[in-house]
**Q** 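Can you read through this structure? Questions will come right after.
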2 protein chains.
Amino acid sequence: MQRWDGYGSPWWHGRFRGCGYRITVPRRIILDVLSKTSEHLSAEDVYVAVHKIYPNVGLTTVYRTLELLVQMGLVFRFDFGDRKARYELAMGPKGMRHHHHLVCTDCGRVVDYTDFLDEEKELLSRTEVGLAEKYNFTISNHLIQFYGLCDKCRVKK
Amino acid sequence: MQRWDGYGSPWWHGRFRGCGYRITVPRRIILDVLSKTSEHLSAEDVYVAVHKIYPNVGLTTVYRTLELLVQMGLVFRFDFGDRKARYELAMGPKGMRHHHHLVCTDCGRVVDYTDFLDEEKELLSRTEVGLAEKYNFTISNHLIQFYGLCDKCRVKK
DNA sequence: AAATTTAATGAAAGCAATTTTCATTAAAAA
DNA sequence: TTTTTAATGAAAATTGCTTTCATTAAATTT
Ligand SMILES: [Mn+2]
Ligand SMILES: [Mn+2]
Ligand SMILES: [Zn+2]
Ligand SMILES: [Zn+2]
């Protein structure tokens with residue numbers, strides 16, 4: 001699952017070195033936790049998972065590291081409406097995996113989807129160009145989320 | 001700018017009455033503040049603006065009222081990434097005005113746009129149908145935001 | 001126009017997520 | 001090794017928002 005750089009280190013070591021950041025135990029573990037899940041973890045979730053492996057890591061460090069990773073572009077931060085941040089690795093083992101989200105407003109379930117992305121991509125890039133021109137923005141990113149009820153929650157109502 | 005119902009009351013009085021809600025001074029003022037701006041105000045922003053007109057209104061009431069207005073569908077709540085909610089009237093004088101956003105990640109400036117909405121709508125509804133089917137979701141809403149640098153912030157860098 | 005009812009309000013306390021502070025630790029450079 | 005300094009963890013602080021509860025004031029009834 002993990003990718004190595006041919007020198008015996010995980011692929012992200014170079015990124016850290018390049019920025020002058022140190023490679024520490026907490027950082028290693030946090031990246032490990034994130035790379036082993038497909039869920040959208042909160043800082044607390046990460047803390048709990050990390051804690052199982054190495055109980056000395058503090059919640060503060062988890063917050064700090066997640067922030068750093070977001071800054072570095074290795075991790076995406078999302079807000080699905082429950083006013084607590086969710087984190088997710090920006091690039092999987094197979095490289096970038098930009099995707100959009102489907103969020104259940106009742107139970108909070110989040111589904112990643114990449115289907116329909118081709119058509120979307122088409123339109124989005126056209127839209128980006130148009131918007132950039134008209135409003136003088138340099139667009140670097142976009143966020144698309146659909147909200148609704150998942151099957152289970154629909155039945156409950 | 002304000003619209004009346006022909007009986008001397010603002011258009012939203014009916015909505016309130018219909019739901020059994022009372023028309024109070026704080027509610028009147030909060031709606032007034034929201035209808036007089038094109039910005040995306042935080043609860044605090046609303047509080048400050050309201051306070052100038054009528055200093056007796058408390059922050060609690062601002063929060064409660066905004067929540068109520070969101071519930072009623074008169075106001076939209078957004079999160080542009082700075083973990084504080086922003087509010088905006090759902091319908092302008094010219095009726096519903098669903099729109100999307102362009103957000104500057106540096107200065108936080110937010111631009112509304114309605115261009116390209118037709119094309120987007122087209123694609124979105126198709127996407128919604130597809131997603132609904134595949135993932136068994138009942139989709140009721142979507143959020144689209146583009147992130148980047150506004151002209152001023154691009155120059156600064 | 002009172003009196004009555006009860007939803008709405010404001011101040012204060014509470015809360016959860018996140019950030020700051022600061023003394024200590026441990027990567028990495030020398 | 002020794003030295004340097006970024007990173008850490010515990011505790012305290014801050015932020016945005018919610019809850020509680022006694023008081024007030026819309027709206028309804030008299
Ligand atoms: Mn995802
Ligand atoms: Mn807007
Ligand atoms: Zn659900
Ligand atoms: Zn800007």
Side-chain angles (χ1 to χ4, degrees), chain A residues 7-10 12-31 33 40-48 50-51 53-72 74-75 77-87 108, chain B residues 7-10 12-31 33 40-48 50-51 53-72 74-75 77-87 108:
Chain A
Y7 298 96
S9 333
W12 47 267
H13 277 205
R15 280 297 278 282
F16 269 71
R17 288 269 145 63
C19 299
Y21 298 137
R22 295 182 180 174
I23 291 155
T24 68
V25 174
R27 285 173 181 177
R28 234 199 305 273
I29 300 179
I30 289 168
L31 271 160
V33 162
H40 302 81
L41 302 179
S42 66
E44 184 78 29
D45 293 337
V46 173
Y47 172 70
V48 169
V50 166
H51 209 257
I53 303 171
Y54 189 78
N56 289 28
V57 179
L59 182 56
T60 313
T61 297
V62 171
Y63 272 109
R64 273 191 294 229
T65 302
L66 289 171
E67 173 63 27
L68 184 78
L69 296 173
V70 169
Q71 245 46 86
M72 293 175 72
L74 298 183
V75 162
R77 189 211 312 270
F78 291 104
D79 177 353
F80 297 123
D82 63 348
R83 61 190 36 270
K84 85 164 102 174
R86 305 282 168 161
Y87 300 86
Chain B
Y7 297 96
S9 333
W12 46 268
H13 278 205
R15 281 296 277 284
F16 269 70
R17 287 269 146 64
C19 300
Y21 299 137
R22 294 181 180 174
I23 292 156
T24 67
V25 173
R27 286 172 179 178
R28 233 200 304 274
I29 299 179
I30 289 169
L31 272 161
V33 163
H40 301 81
L41 302 179
S42 67
E44 183 78 30
D45 293 336
V46 172
Y47 172 69
V48 169
V50 166
H51 209 256
I53 302 170
Y54 190 79
N56 290 28
V57 178
L59 182 56
T60 313
T61 297
V62 171
Y63 273 108
R64 272 192 294 231
T65 303
L66 288 172
E67 174 63 27
L68 183 79
L69 296 173
V70 169
Q71 247 43 88
M72 293 175 72
L74 297 183
V75 162
R77 189 208 314 269
F78 290 102
D79 177 354
F80 297 122
D82 63 348
R83 63 189 35 272
K84 83 166 104 176
R86 305 282 168 161
Y87 300 87

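Per chain, numbering begins at 1; letters A, B, ... match sequence-line order. Any value given below was found using the heavy atoms of this structure, including those in side chains, with hydrogens, waters and symmetry copies removed.
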**Q** Which of residues 20-31 of chain A have a heavy atom under 4.0 Å from DNA chain D?
**A** A:Y21, A:R22, A:T24, A:P26, A:R27
**Q** Show the nearest heavy-atom pair for residues A:V62 and A:I30, with the distance to one decimal.
**A** CA-CD1, 3.9 Å
**Q** Whole angstrom is fine here: how far is it from CG in A:L59 over to P in C:dT20?
**A** 14 Å
**Q** Can you give me the closest heavy-atom contact between A:W12 and A:L74, atom names plus distance?
**A** CB-CD1, 4.3 Å
**Q** Hey, what do you get for CZ (A:R27) to CZ (A:R64), rounding to the nearest 0.5 Å?
**A** 9.5 Å
**Q** In chain order, what residues pass the side-chain hydrogen bond (donor to acceptor under 3.5 Å, both in side chains) check against A:D82, with sequence neighbours excluded?
**A** A:R86
**Q** Of all heavy-atom pairs between A:L59 and A:Y47, which one has the smallest distance, and what is that distance?
**A** N-CE1, 3.4 Å
**Q** To the nearest 0.5 angstrom, please state how far the NZ atom of B:K84 sits from the CZ atom of A:R83.
**A** 11.0 Å
**Q** Please report how far the helix from C:dA1-D:dT30 to C:dA30-D:dT1 bends, comparing the axis fitted to its first five pairs with the axis fitted to its last five, to the nearest 10 degrees.
**A** 30°
**Q** So, using side-chain hydrogen bond (donor to acceptor under 3.5 Å, both in side chains) as the criterion, who are the partners of B:T24 when residues are at least two apart?
**A** none
**Q** Test side-chain contact (heavy atoms from CB on, under 4.5 Å) on B:I53 and B:V33; report intermediate values, then the result.
**A** CA-CA 9 Å; B:I53 302 170; B:V33 163; 4.1 Å; yes
**Q** List the steps, then state whether side-chain contact (heavy atoms from CB on, under 4.5 Å) holds for A:R15 with A:Y21.
**A** CA-CA 9 Å; A:R15 280 297 278 282; A:Y21 298 137; over 6 Å; no
**Q** If you walk 5' to 3' along DNA chain D, what is the first nucleotide with an atom under 4.0 Å of a heavy atom in chain B, and what is the last?
**A** D:dG16 to D:dA27
**Q** A:L68 vs A:F16, test: side-chain contact (heavy atoms from CB on, under 4.5 Å). Steps then yes/no.
**A** CA-CA 10 Å; A:L68 184 78; A:F16 269 71; 4.1 Å; yes
**Q** Under 3.5 Å, side chain of A:R77 to main-chain N/O of A:A85, donor-acceptor pair present?
**A** no
**Q** For a quick test of reading the model, state the closest non-hydrogen atom pair linking A:P26 to A:T61 and the distance between them.
**A** CB-CG2, 3.8 Å
**Q** Any residue in residues 63-71 of chain A with a heavy atom nearer than 4.0 angstrom to DNA chain D? Just list them by number, or reply none.
**A** A:R64
**Q** Could you tell me the separation between the CZ atom of B:R83 and the P atom of C:dT18, rounded to a whole number of Å?
**A** 5 Å
**Q** If every non-hydrogen atom of B:D45 is compared with every non-hydrogen atom of B:H40, which pair is closest and at what distance?
**A** OD2-O, 4.4 Å
